[in-house]
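Computed from a predicted structure; not experimentally measured.
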Amino acid sequence: MKLPDLQKAKIRNQSEVKYCEADILRDRSLFQGKKYFLKTYGCQMNVHDSELIKNLIEGIGFIETDSLKDADLVILNTCAIRENAHDKVFGFLGRCKHEKASRKDMIISICGCMAQEPSVCEEILRKHKYVDLVFGTHNIHDLPNMLKNKMSETSIEVESIEGNVYENLEYKRDSKIEAWINIMYGCDKFCTYCIVPYTRGKQRSRRSENILKEIEKLKYEGYKEVTLLGQNVNAYGKDIEDELSFPELLARVSDTGIDRIRFVTSHPWDFTDELIDVIASRKNIMPYIHLPLQSGSSRILKLMGRRYTKEEYLELYEKIKKRIPDAAITTDIIVGFPGETAEDFEETLDVVRKCKYDNAFTFIFSKRVGTPAEKLEDPITKEEKEERLKKLNVLVNDYSLEANRKYLGKTVDVLITGPSEKGENIVCGYTETMKLVNITGGSDLIGTIAKVKIKEAKSFSLDGVIEK
Ligand code: 5AD
Ligand code: SF4
């Protein structure tokens with residue numbers, strides 16, 4: 001049993017990272033015909049980890065079910081970024097416990113970021129002994145072995161923070177059109193509110209040759225779009241000697257000729273002129289940039305450890321807009337950081353008014369155990385924070401609608417990704433700028449990049465017709 005150690009995240013040096021091929025156990029006879037139920041919480045990183053988990057457990061015989069009642073194996077792939085994620089997971093665990101009461105051989109496991117939190121592991125060992133296995137984000141590849149050797153008591157298989165960078169991993173991708181690709185793991189920024197550097201460990205970039213090989217293969221298989229994933233993608237390569245920088249990597253990915261390239265998430269601090277140039281000059285790098293602001297107040301940004309001021313952020317924003325005028329820019333904003341005054345919040349609204357974001361993901365500050373912000377005085381009431389969030393969301397939604405309205409009557413390229421939830425004979429897809437478009441048409445359109453004329457604009461989507 002290995003319990004994670006939050007503090008170790010701070011002790012880091014480059015030599016601790018090992019690059020190795022994952023040795024994967026594949027023997028379908030082990031769990032032939034057994035069923036698994038997998039629930040994923042949180043960000044794209046977790047969604048992509050779940051694609052890896054699916055490949056691994058199907059390799060030892062499991063088949064997927066969407067019914068908890070039928071499952072022999074339940075895996076909850078969890079998120080730790082905000083406290084409510086914890087409540088959701090433990091709420092769902094209650095249902096699992098109920099199922100297990102009548103089926104003792106059911107295996108219940110928890111993985112993802114929450115599994116990396118010592119307090120969560122301790123809580124499971126103390127109060128949730130029906131959980132069979134807790135495994136961390138650094139040892140997913142070993143899941144087939146863990147299941148094969150499962151013990152009768154709860155086992156905790158969580159590496160203490162630093163992991164190896166494994167290659168030779170295969171994914172059961174949810175889509176045949178768009179693919180996620182990890183280009184790096186972890187984060188070195190240590191923003192004071194954020195638990196990610198502790199749960200995902202220090203920044204470890206993958207080798208560019210492995211990334212490029214994976215993209216070549218996806219292109220060969222017919223994929224139209226790749227999204228390069230990382231907590232701080234534009235710091236790519238900084239942790240390895242003689243590695244490409246992020247703009248250099250992007251240029252090489254662009255050279256593969258794949259139709260569409262996206263990347264998330266960028267940190268404003270690492271957003272260089274060279275990066276802006278490469279996005280501006282390459283047609284297959286999509287003009288869509290997620291640029292987390294977090295707060296518009298320089299005072300709060302300093303307390304957050306974000307490494308930029310309001311003015312520097314706005315300067316960067318203007319630079320991007322000048323070089324790539326059609327770029328859609330989206331953001332993340334936290335309201336109610338400890339000590340945020342009404343004036344600080346006004347500064348955030350001011351930036352939103354200036355940037356008129358295409359979309360913004362807004363959150364109320366959530367205190368995470370073990371982060372520096374946990375210890376800050378927080379005199380602002382919950383009601384005040386909720387009020388600020390409401391006000392911010394009204395503004396954000398107005399700008400989303402305004403941004404979408406600019407598409408009315410225009411013809412744009414849409415990568416059609418699947419059937420729409422809006423009804424029969426409607427498909428949906430994304431513009432280059434990541435706007436969701438619903439289009440009347442049949443499934444033969446799926447996987448194509450079509451010219452679509454936009455007929456209607458709403459806050460969160462567009463409606464269009466195929467241009468003949
Ligand atoms: N409280 C609220 N929001 C948070 N985020 C990260 N940590 C916290 C926290 N403790 C938000 C940030 C980040 C996004 C993924 O989640 O805005 O960009
Ligand atoms: Fe968290 Fe992003 Fe800051 Fe890294 S850069 S610590 S992932 S908010």
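- In terms of heavy-atom proximity, Ile195 sits nearest to Ile81 at CG2-CA, 4.1 Å.
- Between His290 and Met434, the closest side-chain pair of non-hydrogen atoms is not below 4.5 Å.
- In the model, Glu58 has a side-chain atom that pairs as donor or acceptor with a side-chain atom of Tyr36 under 3.5 Å.
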Determine whether Asp239 and Arg204 satisfy the following criterion, salt bridge (charged side-chain N to carboxylate O under 4.0 Å, His left out), listing intermediate values before the conclusion. CA-CA 6 Å; Asp239 52 310; Arg204 285 110 51 218; over 6 Å; no
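- Considering every non-hydrogen atom in both Gly112 and Thr137, the closest pair reads C-CG2, 3.7 Å.
- When side chains are defined from C-beta on, Arg299 does not count as touching Glu347, because their heavy atoms never get closer than 4.5 Å.
- Interatomic distance, Leu303 CG to Ser298 OG, rounded to the nearest 0.5 Å: 11.0 Å.
- Asp188 contributes no side-chain N or O that, together with a main-chain N or O of Lys202, makes up a donor-acceptor pair within less than 3.5 Å.
- No hydrogens or angles considered: nothing links the side chains of Thr227 and Glu178 as a donor-acceptor pair under 3.5 Å.
- Residues Arg200 and Cys113 share a closest heavy-atom pair of NE-SG, 3.4 Å.
- Contact check for Leu147 versus Ile60: side-chain heavy atoms found under the 4.5 Å cut-off.
- Taking the six-membered ring for Trp and thresholds of 30 and 60 degrees, Phe337 and Tyr193 have ring planes more than 60 degrees apart, a perpendicular arrangement.
- Remark: Leu250 CG to Tyr236 OH distance equals 11.0 Å, nearest 0.5 Å.
- At distances below 3.5 Å, not a single donor-acceptor pair connects side-chain atoms of Thr433 with backbone N or O atoms of Ala328.
- Counting only heavy atoms from C-beta outward, the side chains of Tyr19 and Asn210 never approach each other to under 4.5 Å.
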Under the criterion side chain to side chain contact (heavy atoms under 4.5 Å, CB included), I'd like the reasoning laid out for Ile181 against Leu218: C-alpha separation, chi angles, the key distance, then a yes or no. CA-CA 10 Å; Ile181 295 181; Leu218 289 165; 3.4 Å; yes
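- Side-chain N or O atoms of Asn139 include one that pairs as donor or acceptor with a backbone N or O of Gly136 at under 3.5 Å.
- Residues Glu51 and His48 bring a donor and an acceptor atom of their side chains to less than 3.5 Å of each other.
- Using cut-offs of 30° and 60° for the angle between ring planes, the Phe263 and Phe271 rings count as tilted.
- Distance check, rounded to the nearest 0.5 Å: CD1 of Ile258 to CD1 of Ile215 gives 7.0 Å.
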As a quick check of understanding, evaluate side chain to side chain contact (heavy atoms under 4.5 Å, CB included) for Ser297 and Glu340, giving each step before the final call. CA-CA 9 Å; Ser297 151; Glu340 181 193 69; over 6 Å; no
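- Checking side-chain atoms of Arg306 against main-chain N and O of Leu293 turns up no donor-acceptor pair under 3.5 Å.
- Remark: the backbone N or O of Cys187 is not paired with any side-chain donor or acceptor of Asn232 at under 3.5 angstrom.
- Residues passing the ring-ring contact (aromatic ring centres under 6.0 Å, His included) test with His128, sequence neighbours excluded: Phe90, Tyr130.
- For the pair Lys367 and Phe365, the cation-pi test (distance below 6.0 Å, angle within 45°) is failed.
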I would like to know whether Leu68 and Cys96 meet side chain to side chain contact (heavy atoms under 4.5 Å, CB included); could you show each step before the answer? CA-CA 8 Å; Leu68 184 63; Cys96 300; 4.2 Å; yes
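- Residues Ser266 and Pro292 approach most closely at O-CD, 3.1 Å, considering heavy atoms.
- Between the side chain of Tyr317 and the backbone N or O of Leu291 there is no donor-acceptor pair closer than 3.5 Å.
- Counting only heavy atoms from C-beta outward, the side chains of Glu214 and Tyr171 approach each other to under 4.5 Å.
- No more than 12 heavy atoms of other residues, nucleotides or ligands sit less than 6.0 Å from atom CZ of Arg252.
- When all heavy atoms are compared, the tightest approach of Leu249 to Ser208 is CD1-CB, 3.9 Å.
- For the atom pair Leu143 CG and Leu133 CG, the distance stands at 6.5 Å (nearest 0.5 Å).
- In this structure, Lys97 places its NZ atom where only 12 or fewer heavy-atom neighbours from other residues, nucleotides or ligands lie under 6.0 Å away.
- No more than 12 heavy-atom neighbours from other residues, nucleotides or ligands sit within 6.0 angstrom of CG on Asp23.
- Contact check on Asp105 versus Lys34 returns no salt bridge, with no Lys/Arg side-chain nitrogen under 4.0 Å from an Asp/Glu carboxylate oxygen.
- Counting heavy atoms from C-beta on, the side chains of Ile57 and Leu38 never come closer than 4.5 Å.
- With a 4.5 Å cut-off on side-chain heavy atoms, Leu436 and Tyr430 count as touching.
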If you apply the rule side chain to side chain contact (heavy atoms under 4.5 Å, CB included), what do you find for Arg260 with Lys224, and how did you get there? CA-CA 6 Å; Arg260 288 183 164 200; Lys224 293 277 193 300; 6.0 Å; no
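- One N or O on the side chain of Asn77 and one on the backbone of Asn46 form a donor-acceptor pair closer than 3.5 Å.
- The shortest side-chain heavy-atom distance between Asp413 and Leu415 does not fall under the 4.5 Å cut-off.
- Under the side chain to side chain contact (heavy atoms under 4.5 Å, CB included) rule, Arg207 has a single partner from Ile240, Leu244, Ile183, Val165, which is Ile240.
- More than 12 heavy atoms of other residues, nucleotides or ligands sit less than 6.0 Å from atom NZ of Lys100.
- Atom CG of Asp49 sits about 12.5 Å away from atom NZ of Lys54, to the nearest 0.5 Å.
- Atom CG of Asp66 is surrounded by 12 or fewer heavy atoms from other residues, nucleotides or ligands within 6.0 Å.
- Judged by distance alone, the side chains of Thr330 and Tyr288 do bring a donor and an acceptor atom under 3.5 Å apart.
- Crowding of Glu83 atom CD: a count of heavy atoms from other residues, nucleotides or ligands under 6.0 Å not exceeding 12.
- In this structure, Lys39 satisfies the cation-pi test against Phe92, with its NZ or CZ atom closer than 6.0 Å to the six-membered ring centre and inside 45 degrees of the ring normal.
- Annotation for Val437 and Thr431: closest pair CG2-CG2, 3.6 Å, computed over non-hydrogen atoms.
- Classification of Arg323 and Asp273 as a salt-bridged pair fails, no side-chain N sitting under 4.0 Å from a carboxylate O.
- The closest donor-acceptor contact from the side chain of Asp259 to the backbone of Glu225 lies at 3.5 Å or more, if one exists at all.
- Ion pair Glu374/Arg368 not flagged as a salt bridge, since none of the NZ, NE, NH1 or NH2 atoms sits closer than 4.0 Å to an Asp/Glu carboxylate oxygen.
- Between the side chain of Ser400 and the backbone N or O of Val396 there is at least one donor-acceptor pair closer than 3.5 Å.
- Taking a 6.0 Å sphere around NZ of Lys322, one finds it holds 12 or fewer heavy atoms contributed by other residues, nucleotides or ligands.
- Looking only at distances, a side-chain donor or acceptor of Ser109 sits under 3.5 Å from a matching main-chain atom of Val74.
- Rounded to the nearest 0.5 angstrom, Ile276 CD1 and Lys321 NZ are separated by 12.5 Å.
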Using salt bridge (charged side-chain N to carboxylate O under 4.0 Å, His left out), reason through Lys217 and Glu221 one step at a time and then give a plain yes or no. CA-CA 6 Å; Lys217 184 162 173 265; Glu221 288 168 7; 3.5 Å; yes
